[in-house]
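Residues take their numbers from the sequence shown, with the count starting at 1. A quick note: this is a predicted structure, and the numbers were derived from the prediction, not measured.
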Amino acid sequence: MFFYLRHDQINWKKLGSGYKIRWFREQDVDAYIRGLNDALYDCYDLRRFRWKFVENPYNLGFTPIAVVEEEVNGRPVGFNGFVPFQVVAGGERFLAVQGCDGFVDHDHQRRGLFSKTLEFMEAEKVDKGPELLLSFNFLGSTATAQKTGSIAVCTINKWTFEPDAFASMVSDLRRGATLEPCGIEDVHRVYQRWSKATRYLHIHRDLDYLKWRYRNPLRQYTFHLIERRGSVKGYVILGIEEDEGSNIMGIDDYVLLDLDPRILMGAVFDLAGPMEGLGCIELSTIQGGEMDQALTMLGAEPEPRSTMILKGIKGVEARGDRLFRGNVEISDAKDWYITNSDMF
């Protein structure tokens, strides 16, 4: 079931210079998918669109994609999507949105249209719940967001390991723990245990969210408990995606209960090493975070890939170059826990 606003429910805002902006409606689907495949993706399709924007358990009751169109002919020339989720901060959960899957047609770029979608979203959502906008912008492309008051929090590193190189790095760490297959309900139980004890700000992983997140049509997922000396020390979710005849394994999500992150990497190789057709293993980390430091200690080098951006919408206050929700600061990189699965 699609959640579109009826035409008489859609709020319009004239931008001047021949453009206006509104929320997404049904007849925009083809132009949106076609534009994403031209600008950002190779295989974006209706199934992926429905998964991300329609089946999301925190659906806002409509499709949260801002659309810029030309006044003269009503043709959409820009889109910016906002996926809802919950953040845990200071022991409380609150609603946020993540900016993703946005573009402006080439002939209409450099006119400030993308920043207008952010302003529109902020104005329109004040009474609809989300308190925070989070996004992961490609390095060097944060200026537009910062012009609208967003704060750059940290750099996200991407790590890519070829199997042979990975084997040599973790050779001394193998068999330190085992990965035992489990169900998503087991993952959720471990998450609950971790969430009650952690100080980290993070995206809330309730059971409905987990079931939705791992229906992603692009990857096949396996769920594993991390066991060491008879105790459960966390979980890890691995995703497999085929690319040009070989498989990419993503370490898409994990939480650790008093376990050295390097032990997890050794356990991942114990599982992945014998796999045929494995081209590489990937994961993402906050630069300077716990896993990032552990991988650096193994002698690996990452590729800085994106910048994590935050902007308050409602109930989140900017104080200089920092953001607070009540008395809890939410803009310090060392307080955040981010994995591959948190980037939509």
Side-chain angles (χ1 to χ4, degrees), residues 1-6 10 22-69 75-86 96-105 117 121 130 134-136 138 183-185 187-188 203-223 237-253 277 279-280 282-284 306 339-344:
M1 178 180 180
F2 284 77
F3 292 90
Y4 299 115
L5 295 180
R6 299 192 311 269
I10 294 175
R22 57 172 171 79
W23 288 120
F24 196 89
R25 58 192 186 195
E26 186 172 3
Q27 55 263 48
D28 297 320
V29 171
D30 290 343
Y32 183 54
I33 291 174
R34 183 171 57 251
L36 282 175
N37 283 320
D38 287 341
L40 296 174
Y41 295 101
D42 296 323
C43 56
Y44 203 99
D45 58 15
L46 184 61
R47 184 183 175 198
R48 188 171 181 181
F49 168 82
R50 289 177 60 90
W51 166 73
K52 186 173 286 190
F53 290 104
V54 180
E55 298 170 3
N56 184 298
Y58 299 114
N59 197 292
L60 299 176
F62 64 99
T63 304
I65 302 172
V67 182
V68 179
E69 64 176 47
R75 186 174 73 87
V77 298
F79 297 84
N80 200 5
F82 304 99
V83 176
F85 59 97
Q86 287 187 335
V97 290
Q98 185 172 144
C100 65
D101 295 354
F103 68 92
V104 174
D105 286 350
T117 66
M121 178 276 301
L134 179 152
S135 61
F136 297 94
F138 290 117
I184 201 164
E185 292 83 4
V187 164
H188 180 241
I203 291 179
H204 182 51
R205 291 147 163 82
D206 66 21
L207 190 55
D208 286 341
Y209 172 87
L210 288 169
K211 289 179 178 179
W212 165 76
R213 186 66 184 86
Y214 297 104
R215 286 199 301 269
N216 182 344
L218 294 182
R219 286 191 167 188
Q220 298 295 317
Y221 294 97
T222 58
F223 310 101
I237 300 175
L238 304 175
I240 297 292
E241 180 179 349
E242 186 176 348
D243 181 54
E244 297 182 354
S246 65
N247 290 323
I248 298 173
M249 172 181 282
I251 302 176
D252 284 345
D253 193 27
C280 65
E282 296 181 342
L283 78 160
S284 298
S306 60
T339 67
N340 278 15
S341 70
D342 297 323
M343 293 175 274
F344 305 142

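Among residues two or more places apart in sequence or in another chain, the side chain to side chain donor-acceptor pair (under 3.5 Å) test is passed with Gln86 by Tyr58, Arg93. Legend: residues meeting side chain to side chain donor-acceptor pair (under 3.5 Å) with His204, ordered by chain and number and at least two apart, are Tyr191. Checked against side-chain contact (heavy atoms from CB on, under 4.5 Å), Ser306 has the following partners two or more places apart in sequence or in another chain: Phe136, Ile156. Under the side-chain contact (heavy atoms from CB on, under 4.5 Å) criterion, Ser246 pairs with no residue at all, not counting sequence neighbours. Remark: Arg47 engages no residue in a salt bridge (charged side-chain N to carboxylate O under 4.0 Å, His left out) (not counting sequence neighbours). Applying the side-chain contact (heavy atoms from CB on, under 4.5 Å) test to Glu185 and every residue at least two apart in sequence or in another chain returns Arg189, Leu207, Lys211. Partners of Asn340 under the side chain to side chain donor-acceptor pair (under 3.5 Å) rule, at least two apart in sequence or in another chain, are Asp252, Ser284. Residues forming a salt bridge (charged side-chain N to carboxylate O under 4.0 Å, His left out) with Glu241 (at least two apart in sequence, or on another chain): Arg219. Not counting sequence neighbours, the partners of Tyr209 by the ring pair (Phe, Tyr, Trp, His ring centres under 6.0 Å) test are Trp212. With sequence neighbours left out, Asp253 forms a side chain to side chain donor-acceptor pair (under 3.5 Å) with Arg205, Tyr235, Thr339. Partners of Asn37 according to the side-chain contact (heavy atoms from CB on, under 4.5 Å) rule, which considers only residues two or more places apart in sequence or in another chain, are Ile33, Tyr41, Tyr44.
When all heavy atoms of Pro64 and Trp23 are compared, the closest pair comes out as C-CZ3, 3.9 Å. When all heavy atoms of Pro76 and Asp28 are compared, the closest pair comes out as CG-OD1, 3.6 Å. Scanning all heavy atoms of the two residues, the minimum distance from Val97 to Pro84 falls at CG1-CA, 4.0 Å. Closest heavy-atom contact between Phe85 and Leu134: CZ-CB, 4.2 Å.
Distance CD/Glu242 to CG/Leu218: 12.5 Å, rounded to 0.5 Å. Atoms CZ and CG, from Phe103 and Asp38 in turn, are 8.0 Å apart once rounded to the nearest 0.5 Å. Here the CD-OG distance, from Gln98 to Ser135, works out to 7.5 Å after rounding to the nearest 0.5 Å. Note that CH2 of Trp51 and CG of Asp45 are 11.5 Å apart. Values are rounded to the nearest 0.5 Å. Rounding to the nearest 0.5 Å places CD of Gln220 at 13.0 Å from CG of Leu238. In this structure, the separation between CZ on Arg213 and OH on Tyr221 is 5.0 Å, given to the nearest 0.5 Å.
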Practice problem: Begin from the C-alpha positions of Arg50 and Asn56 and carry the test side chain to side chain contact (heavy atoms under 4.5 Å, CB included) through to its verdict. | Solution: CA-CA 9 Å; Arg50 289 177 60 90; Asn56 184 298; over 6 Å; no
Quiz prompt | Step-by-step side chain to side chain contact (heavy atoms under 4.5 Å, CB included) determination, Leu46 to Val29 | solution = CA-CA 8 Å; Leu46 184 61; Val29 171; 3.8 Å; yes
Quiz item: Can you check ring pair (Phe, Tyr, Trp, His ring centres under 6.0 Å) on Phe62 and Phe53, steps first, answer last?
Solution: CA-CA 9 Å; Phe62 64 99; Phe53 290 104; over 10 Å; no
Quiz item: Are Arg22 and Glu69 close enough, and set up right, to give a side chain to side chain contact (heavy atoms under 4.5 Å, CB included), and what steps lead you there?
Solution: CA-CA 8 Å; Arg22 57 172 171 79; Glu69 64 176 47; 2.8 Å; yes
Quiz item: For Ile248 and Glu282, what are the C-alpha separation, side-chain angles and deciding distance, and is it a side chain to side chain contact (heavy atoms under 4.5 Å, CB included)?
Solution: CA-CA 7 Å; Ile248 298 173; Glu282 296 181 342; 3.6 Å; yes
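A distance-only check finds a donor-acceptor pair linking the side chain of Asn59 to the backbone of Val54 [under 3.5 Å].
Considering Ile65, Asn80, Leu36, Val83 as possible partners of Asp101, the one that fulfils the side-chain contact (heavy atoms from CB on, under 4.5 Å) test is Leu36.
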